[in-house]
Every structure is written in structure tokens, then in C-alpha cells.
Amino acid sequence: SAPDSVYLPISSFNQVNYNTAINFDPYITFYTGNTRHSLKGRYFFVDSKTRAGANNNETLLYGEYQIQKIYDKGLTWSSGASYNKSLTISEIYGKSKRTTSNSSIFTQLDQKYKRWTFSLGGRLELYNFNDDVDVLDTIIGAGDTKKFTKFIENIKPVFRSGVNYKLFDYTHIRASYGQGYRYPTIAEKYLRASEGGVNIFPNDTLVAETGWSSEFGIMQGFKISDWKGYIDVAIFWTEYQNMIEFAFGYYTQRPVPPDSINNFVGFQAQNVTKAKISGVDATISGTGKIFKFPVTFLAGYTFSNPIDLNTPDSLKGTTKKILKYRSKHTAKADLEVGFKKFSFGMSYNFFSKIENIDDAFEGALMLGTYNTGIYILPGLKEYRKTHNGPEHVFDFRISISMGSGSRLSFVVKNAFNKEYMIRPGDVQAPRNYSIQYTLKL
């Protein structure tokens, strides 16, 4: 058992937040013959203030139009366009107005032929910071050749394809391949903050992640007496270029006195990794009866092998090839049994140990050969020897139906009071109890 202090935050983390949020999500769906039209919108506003002064104000606008038409002989065509834009004003982003927008057009064909289903789709996306290549601004200012050239250069095409084959009545085999990319977030590019002695530095030179993923799987349905459900097993393979991760380092170009070094060490988002994540995912789900009592169950297991393919040790803050802060093995299960108006449930989560973290978390900070004597989280190395997995966490619940769509539940989280953490220093809550009432109208 940990000392009481492990559950207490450092005083500099304590703060009071005042949040105001407004959202409005209009949508409409209508049909013209065998054609489906869908129009969605969103307005979202949040204003967050803290006593520490890390205030944040954000407005998000989103719109999407989609058309889907069903043709003869099993062909379905879907297409559309979307646009979203956000405006963020925050002291932790340099007290500047930061805008981002994402525009896209997309199309996909799905064809059913006997036991086969084929899918092929593509998407053109444009993402920008600070209105450099915003699609609406470019259209309005179409005479600006320089802006239009940059607009074309920043368009990203991605493609996806898939196939599904019905081998038997309850057996399906599938395979898929898809491309993708992810632009850095505002926080990754501009966040400058210090909490509990841990510094975060901005990096406005980040470029987008790119990658591809593939999957091959089989789903088998089953029915045995009163039990029915399915088993799904899939293998997956994903690779990334310019993967973005927070790297620990010394972020200043000038020498500083030893007593102020801790102001210049911390984490910064970097394009540091060419990565590969492969593995297996298995799920079983179904319903049945035990002594005439209805039962539902769900269980899943995932093995992933997250490999850093070529990041220099000087950049990634560790000498291991496993990507940081990841568990290779995870599993979950949920079981619920009904009895008249009552239901009894149990859930289970499993995490294998985190094999790799930044070396800086487990020792004094080193600047070259100079030992600063500074520890980010004193005692973490010793604590992880006994609290780094594998972890088994159980939750229990009991609920009663009160009629007319209402239900009262009593939930026990972390029932066996397991002391564990999922990231360095992030010790999860001890056993806790809650009462929940839900009403569906």
C-alpha cells in the first residue's frame, strides 16, 4: 500500500475551474426516391477560467452534407463534403488568437455481389492553422496566386478499401486497407505551461503524421441451446511516418545557471518517430440463460506490439524500441445477470505493465554528463517496481427497474481497492461507491 501522499496532488496542481459551455446541433434528413440526403451542423462555445490564469475561450463551427443513393444490383454510392473551423484564444497558447479549419470532400462505393461485399472510397482534406490556406478564404480571394498555390500544396488525398466474404451463413471473412494523416493540434504546436514542476514547451515546426493501416479478420456466429452470439478475431498492422510524441529534453539555445535549469527542461511535441503497431484483437459477445435467468456477456483481448522503427535515442528520451506509455496486453469483460426487476453486473479490466517511459521520470535530470540533481517525480522508480502491473481491476453493480423507463443503480468501482497507475504519477482512484438514477422519456 502506498503512503497517503500518493493520492494527494502537488499543491501547484490544485486549481478551481469556472466553465461555461453552449452547444447547438441542428440536423435534417430527407429522401427523394431512393436517395438519402443528410445535413448536419454544430455550434459549440466554451469559456474556461482558472485562478491560475490559464484561461481558454473556444468557438467551433461545423457543417456536413451527405448524399447516399441506392442503385439496382446491390450498388450504393455515398458522397459529401464537410467543413469545420475553430477559434481559440488562450493564455497558454501565447495569448494569441489561434484558428484551425478542416475541409473535405469524400465519396465511397459499396457493391454487394452474391456472397461478396466490396468497398472503395477516397477523401480530399485540407487542414490549416491561422487561416493560411482556409478553403473559404481562398475561394473569396481567388486572385491571390500565392495563397492558391499553397492551398493546392496542402490538399491531402487518402484512400480506403475493404472486402467482406460470407463463407457460411454465420461466418464472415474481411480484409481492409486505409490511409490516414493527422495534423498536430493547437496544444501540440503552441502550448506553453508549467504544472507541478513539469514544463511543456511549444513547437510550431511540427508537420502532419501520415500512415496506413490494414486488417484481416473473421467473425463466427454461434447458437448453442439458449446461447447465441459471435466470436470475432482480427490481426492488424499500422505504420506511421512523422509520428508525433512528447519528448523530454533541454529546450534553450543559451547556457543558464544550474539553479535555473529546471525552467528549461520538460516536454515538447516532436516529429520523432517512424512507428509500427501490429497485433491481434479478439472479442466474444452474446446472450443466454443460466437457470432461466437472462445473461449478457462481452469479453475482449488485445495484443499490440508498438515498435519505434528508427528514432534516434537522443530525441526520444529512452533507449528502448517499444513506444512509450503503452501496455502490450489489455483485456476487458462484462457480465450481467437479470432476476425479475433486478440485474447484477460485473466488469473486469486488465493492463499489462508499461514497458517503456521517458528515462527522465526514473532518475535525476542529465544535461549531457552533468547531473542536475533534479527529479520530476521523486520516488517513481522505486514505486514502479511494485506498482507497474500487471493490473486486474473489478467493478460491480446492481440495479432495479422502477418502471416507466426509470432505473436506480448502485455501483462499486475498483471493488478490491487496487492501487495502480496507467501513466507515470497518475495513480487511479481507490474503491468508490456511487448511486445513479436514469430516466428515459
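Positions are given from 1 along the sequence.
For the residue pair Asn19 / Ser48, a side-chain donor-acceptor distance below 3.5 Å is found, with atom types taken as modelled. Remark: the Glu125 side chain and the Ser104 side chain contain no N/O donor-acceptor pair separated by less than 3.5 Å. Asp110 and Gln108 share a donor-acceptor pair across their side chains, judged by distance under 3.5 Å alone. With hydrogens and angles left out, the side-chain atoms of Thr296 and Glu336 include no donor and acceptor closer than 3.5 Å. Residues Gln270 and Gln268 have side chains that bring a donor and an acceptor to within less than 3.5 angstrom of each other. A donor-acceptor pair shorter than 3.5 Å can be found between the side chains of Thr302 and Asp281. For the 3.5 Å distance criterion, the side chains of Tyr348 and His392 qualify, holding a donor opposite an acceptor.
Judged by distance alone, with hydrogens and angles left aside, the side-chain atoms of Asn102 form no donor-acceptor pair with the main-chain N or O of Asn84 at under 3.5 Å. Not one N or O on the side chain of Arg160 forms a donor-acceptor pair closer than 3.5 Å with the backbone of Ser176. Between the Lys166 side chain and the Arg115 main chain, no donor and acceptor come within less than 3.5 Å of each other. For the pair Arg174 (side chain) and Val163 (backbone), a donor-acceptor distance under 3.5 Å is absent. Distance alone, capped at 3.5 Å, places no donor-acceptor pair between the Asn349 side chain and the Lys332 backbone. Using modelled atom types, no side-chain atom of Thr107 and backbone atom of Ser79 make a donor-acceptor pair closer than 3.5 Å. Checked by atom type and distance alone, the side chain of Asn417 pairs as donor or acceptor with a backbone atom of Arg431 at under 3.5 Å. Remark: the backbone N or O of Asn242 is paired with a side-chain donor or acceptor of Asn271 at under 3.5 angstrom. Looking at Asn356, its side chain does come within 3.5 Å of a backbone N or O of Ile322 through a donor-acceptor pair. Between the side chain of Ser327 and the backbone N or O of Thr330 there is no donor-acceptor pair closer than 3.5 Å.
Nearest heavy atom pair, residue Asn203 against residue Ala269, reads ND2-O, 2.8 Å. Contact detail for Leu298 and Ser285: the closest heavy-atom pair is CD1-CB, 3.7 Å. Scanning both residues, Leu120 and Ser161, for their nearest heavy atoms gives CD1-CB, 4.0 Å. Ile200 and Phe246 get closest at one heavy-atom pair: CG2-CE2, 4.0 Å.
Within the 4.5 Å cutoff, side-chain heavy atoms of Arg123 are placed close to those of Ser82. Side-chain contact between Ile218 and Thr171 is present, with at least one heavy-atom pair separated by less than 4.5 Å. The side-chain heavy atoms of Phe394 and Met346, taken from C-beta on, include a pair separated by under 4.5 Å. Contact annotation: the side chain of Arg384 approaches that of Ile357 to within less than 4.5 Å [non-hydrogen atoms, C-beta and beyond]. A 4.5 Å side-chain heavy-atom check between Gln66 and Phe106 finds at least one atom pair inside the cut-off. A 4.5 Å side-chain heavy-atom check between Gln220 and Tyr170 finds at least one atom pair inside the cut-off. Contact annotation: the side chain of Gln428 approaches that of Ile422 to within less than 4.5 Å [non-hydrogen atoms, C-beta and beyond]. Within the 4.5 Å cutoff, side-chain heavy atoms of Pro390 are placed close to those of Phe350.
Atoms CZ and CG, from Phe118 and Leu109 in turn, are 13.0 Å apart once rounded to the nearest 0.5 Å. Interatomic distance, NE2 of His172 versus CG of Asp232, reported as 11.0 Å (0.5 Å rounding). For the atom pair OH of Tyr177 and OG of Ser214, the computed distance is 8.0 Å after rounding to the nearest 0.5 Å.
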| task | Report the C-alpha distance between Lys328 and Asn305 in whole Å, list the side-chain angles of each, state the deciding distance to 0.1 Å, and finish with yes or no for side-chain contact (heavy atoms from CB on, under 4.5 Å). | result | CA-CA 6 Å; Lys328 280 191 171 184; Asn305 190 30; 3.5 Å; yes

| Step by step, would you call Phe45 with Tyr43 a ring pair (Phe, Tyr, Trp, His ring centres under 6.0 Å)? | CA-CA 7 Å; Phe45 169 82; Tyr43 169 82; 7.0 Å; no

| query | For Gln111 and Tyr113, what are the C-alpha separation, side-chain angles and deciding distance, and is it a side chain to side chain donor-acceptor pair (under 3.5 Å)? | reply | CA-CA 6 Å; Gln111 175 68 60; Tyr113 176 72; over 6 Å; no

| query | After noting the C-alpha distance and the side-chain angles of Ser78 and Gln68, does the key distance pass the side chain to side chain donor-acceptor pair (under 3.5 Å) rule? | reply | CA-CA 4 Å; Ser78 305; Gln68 184 180 82; 3.1 Å; yes

| query | For Lys69 and Thr76, what are the C-alpha separation, side-chain angles and deciding distance, and is it a side-chain contact (heavy atoms from CB on, under 4.5 Å)? | reply | CA-CA 6 Å; Lys69 188 169 184 178; Thr76 301; over 6 Å; no

| Check against side-chain contact (heavy atoms from CB on, under 4.5 Å), Tyr83 and Tyr62 | CA-CA 6 Å; Tyr83 176 79; Tyr62 175 78; over 6 Å; no

| message | Between Tyr325 and Glu245, does the side chain to side chain donor-acceptor pair (under 3.5 Å) criterion hold? Intermediate values first, please. | response | CA-CA 11 Å; Tyr325 311 115; Glu245 283 196 336; over 6 Å; no

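In Lys418, the NZ atom is crowded: over 12 heavy atoms of neighbouring residues, nucleotides or ligands sit closer than 6.0 Å. Surrounding CH2 of Trp212 are more than 12 heavy atoms belonging to other residues, nucleotides or ligands, all under 6.0 Å away. Residue Lys413 qualifies as open at atom NZ: its count of foreign heavy atoms under 6.0 Å is 12 or below. Around OH of Tyr240, the count of heavy atoms belonging to other residues, nucleotides or ligands within 6.0 Å does not exceed 12.
Checked for salt-bridge contact, Arg42 and Asp25 meet the test: a charged N lies under 4.0 Å from a carboxylate O. Comment: Glu188 engages Arg182 in a salt bridge, judged by a side-chain N to carboxylate O separation of less than 4.0 angstrom.
Ring geometry for Phe303 versus His329: interplanar angle of 30 to 60°, hence tilted. Taking the six-membered ring where tryptophan is involved, the planes of Tyr183 and Tyr127 are essentially parallel, since the angle between them stays under 30° and well short of 60°.
Partner Met243 forms a side-chain contact (heavy atoms from CB on, under 4.5 Å) with one of Leu309, Thr210, Leu323 and no other, that one being Leu323.
Under the 6.0 Å distance and 45° angle rule, Arg98 counts as a cation-pi partner of Tyr190.
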